[in-house]
Protein chains: 2
Amino acid sequence: MRISELSRRSGVSVTTIKYYLREGLLPPGRQTAATQAEYDDQHLHRLRLIRALTGVRGLSVSTVREVLDALAEHADDTHRLLGVALGSVRVGEKAGQDAPEAAEVAELVEELDWRVHAAAPARAVLAETLSSLRALGVPLDWRTLLPYARLAERTAVLDLDQLDGLDDPLETAERALLLTVLLEPALMALRRMAQENESARRHLP
Amino acid sequence: MRISELSRRSGVSVTTIKYYLREGLLPPGRQTAATQAEYDDQHLHRLRLIRALTGVRGLSVSTVREVLDALAEHADDTHRLLGVALGSVRVGEKAGQDAPEAAEVAELVEELDWRVHAAAPARAVLAETLSSLRALGVPLDWRTLLPYARLAERTAVLDLDQLDGLDDPLETAERALLLTVLLEPALMALRRMAQENESARRHLP
DNA sequence: AGTGTTGGATACCTCTACTGTCTAACACGG
DNA sequence: CCGTGTTAGACAGTAGAGGTATCCAACACT
């Protein structure tokens with residue numbers, strides 16, 4: 001198919017598709033002539049993927065590029081992918097300086113007996129969160145996070161279960177990415193609703 | 001204290017503080033003369049709050065304003081606050097059209113027996129997520145989300161527990177906000193680490 | 001009186017994510 | 001083979017967000 005059909009089928013404007021091509025988010029089509037190129041279903045799929053990551057999850061174009069690159073590079077190693085590709089998506093976006101709370105996070109990981117890379121960006125996110133909340137007068141230490149971590153453990157089991165039974169490593173890698181990244185807003189939405197429900201149970205007749 | 005001291009103590013530049021004043025994120029100081037105003041610890045606290053919401057969580061300035069306004073307005077009613085203030089923070093940011101998956105979300109809520117407002121933005125987030133994932137070939141229905149929802153339920157209990165024993169309703173409201181919003185990146189970070197650990201357990205020696 | 005700091009207003013800047021325009025090369029019906 | 005429409009690729013332009021810089025007159029401190 002040509003670019004205009006790709007545009008019609010994906011709902012993304014031709015100019016925006018060209019922009020994604022320029023930015024390297026979308027691989028170029030197969031050139032059939034000097035001013036003509038062919039696109040296929042892979043391009044359509046990739047385009048939907050890009051829109052889901054930028055739209056639903058709100059990732060920036062450059063982050064999407066990093067994630068997609070990591071996906072292509074480490075598709076043969078699902079475990080590495082979960083570390084590398086997903087590590088590149090900073091949960092709180094953009095990096096900050098490392099807080100002195102890093103040691104506390106290490107203590108938490110130790111207590112949980114988790115095998116987590118020492119340089120995992122998620123550690124920094126936790127440290128920053130602890131630091132900010134304390135500066136705002138909320139007394140919170142790693143012990144408070146422990147029960148949350150136990151629930152996260154069980155969430156992760158659910159996540160990994162959904163990758164079982166897939167043969168193609170590339171498909172597995174992509175699904176891992178989708179479940180991790182796109183499910184985040186959904187999980188937070190569930191938490192909000194659960195809070196509302198719990199709050200109603202406690203405070204309402 | 002004057003603006004320069006506020007700047008020094010908060011680590012936020014004078015020009016940025018002026019910008020927040022202009023944008024209505026920070027209430028004006030007490031005027032002592034035509035070109036002089038006094039700021040106090042409340043301003044310092046508010047400034048830290050703003051930086052935490054924009055920095056750690058990545059909220060936009062306009063969203064922060066909405067949240068802070070809702071906080072001031074409904075501080076006397078913690079339950080409403082959880083609905084109103086937190087509802088204004090779209091989990092996936094910016095609104096999207098409502099997907100046909102809305103009915104499915106309703107089914108999920110029914111099955112869970114949750115008391116959740118029919119217009120809760122979180123519902124739309126769930127519907128959109130289901131819709132996007134399906135378009136990308138991931139078979140996912142509301143039954144898949146059920147176990148996640150059960151874990152969310154328990155997370156919410158932990159959240160609400162931390163608001164117990166606070167007397168001042170305004171303090172309760174603010175803490176509710178902080179725990180809901182600032183803990184989000186932390187919970188997602190825990191999930192990432194738990195996934196890495198679980199993946200290691202399954203795939204590594 | 002002199003030096004430096006404020007508040008308030010306004011102009012300007014940088015980055016992101018697109019969008020528009022242009023050109024030359026095609027495709028295709030008649 | 002002519003005319004109309006589409007396309008690839010290059011590049012300039014735009015709108016919004018989130019600040020930053022500059023200016024000025026009015027203080028404050030010494």
Side-chain angles (χ1 to χ4, degrees), chain A residues 1-40 43 46-47 49-68 89-90 92-96, chain B residues 1-40 43-44 47 49-68 89-90 92-96:
Chain A
M1 79 188 89
R2 297 217 246 284
I3 201 171
S4 60
E5 192 181 343
L6 187 61
S7 166
R8 219 170 353 87
R9 291 224 265 158
S10 64
V12 180
S13 76
V14 172
T15 42
T16 301
I17 293 176
K18 286 182 176 184
Y19 168 64
Y20 289 154
L21 286 166
R22 272 203 306 285
E23 293 297 313
L25 298 195
L26 200 61
R30 189 175 52 82
Q31 287 269 108
T32 60
T35 67
Q36 226 79 19
E38 266 292 299
Y39 302 92
D40 56 27
H43 288 93
R46 172 65 73 104
L47 210 40
L49 186 55
I50 294 168
R51 296 307 280 204
L53 294 175
T54 59
V56 178
R57 181 45 230 271
L59 294 187
S60 72
V61 167
S62 62
T63 305
V64 171
R65 181 178 34 233
E66 281 172 45
V67 170
L68 293 179
V89 184
R90 277 293 310 271
E93 305 303 290
K94 69 183 67 170
Chain B
M1 79 187 90
R2 300 219 243 283
I3 202 171
S4 60
E5 193 181 342
L6 187 61
S7 166
R8 218 167 357 85
R9 291 226 265 158
S10 64
V12 179
S13 77
V14 172
T15 41
T16 302
I17 293 175
K18 287 184 176 183
Y19 168 64
Y20 290 154
L21 286 166
R22 272 201 309 283
E23 294 297 313
L25 297 196
L26 200 60
R30 190 175 50 83
Q31 288 268 110
T32 59
T35 67
Q36 227 77 21
E38 268 291 297
Y39 302 92
D40 55 25
H43 288 93
L44 185 58
L47 211 39
L49 187 55
I50 294 168
R51 296 307 281 205
L53 293 176
T54 58
V56 178
R57 181 44 230 269
L59 294 188
S60 72
V61 167
S62 62
T63 305
V64 171
R65 181 176 37 232
E66 282 173 44
V67 170
L68 293 179
V89 184
R90 277 293 310 271
E93 306 303 292
K94 68 182 66 168

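Every chain is numbered from 1 and lettered A, B, ... according to where its sequence line falls, protein lines coming before strand lines. No hydrogens, no waters, no symmetry mates; every other heavy atom, side chains included, goes into these values.
- When rounded to the nearest whole Å, the span between CG of B:L53 and P of D:dA17 equals 18 Å.
- Across C:dC18, C:dG7, D:dG18, the shortest atom-to-atom separation from the side chain of A:R51 is found for C:dC18.
- Side-chain atoms of A:R46 and A:Y39 form no donor-acceptor pair, as typed in the model, at a separation below 3.5 Å.
- Distance CE (A:M1) to P (D:dT6): 18 Å, rounded to an integer number of Å.
- B:R65 meets the salt bridge (Lys or Arg N to Asp or Glu O under 4.0 Å) test with B:E23; sequence neighbours excluded.
- Rounded to whole Å, atom C1' of D:dT7 lies 12 Å from atom CD of A:E38.
- Comparing A:P28 and B:R2 by the nucleotide of DNA chain D that holds the closest heavy atom to each, the one mapping nearer the 5' end is A:P28.
- Listed for the B:E38 side chain is a donor-acceptor partner under 3.5 Å among the backbone atoms of B:M1.
- Near DNA chain D, meaning a heavy atom under 4.0 Å from it, residues 13-23 of chain A has A:K18, A:R22 in order of number.
- Phosphate contact (OP1/OP2 of D:dT7, side-chain N/O of A:Q31, threshold under 4.0 Å): absent.
- Looking at residues two or more places apart in sequence or on another chain, you find no side-chain hydrogen bond (donor to acceptor under 3.5 Å, both in side chains) involving A:S4.
- Taking CD1 from B:I50 and CG from B:L59, the interatomic distance works out to 12.0 Å, rounded to the nearest 0.5 Å.
- For the pair B:E5 CD and C:dG4 C1', the interatomic distance rounds to 17 Å; values are reported in whole Å.
- Here C:dT16 presents its P atom at 14 Å from CG of A:L59, a figure rounded to the nearest Å.
- One atom, CG of B:L26, and another, C1' of C:dG7, lie 14 Å apart when rounded to the nearest Å.
- For B:T35, counting side-chain heavy atoms from C-beta on, the closest listed nucleotide (C:dG7, D:dG18, C:dC26) is C:dG7.
- Between the CZ atom of A:R65 and the P atom of C:dC18 there is a distance of 13 Å, given to the nearest Å.
- Following rounding to the nearest Å, A:R30 (CZ) and D:dT7 (P) show an atom-to-atom distance of 16 Å.
- For B:S62, no side-chain nitrogen or oxygen approaches OP1 or OP2 of D:dA17 to under 4.0 Å.
- For B:Q36, no side-chain nitrogen or oxygen approaches OP1 or OP2 of C:dG8 to under 4.0 Å.
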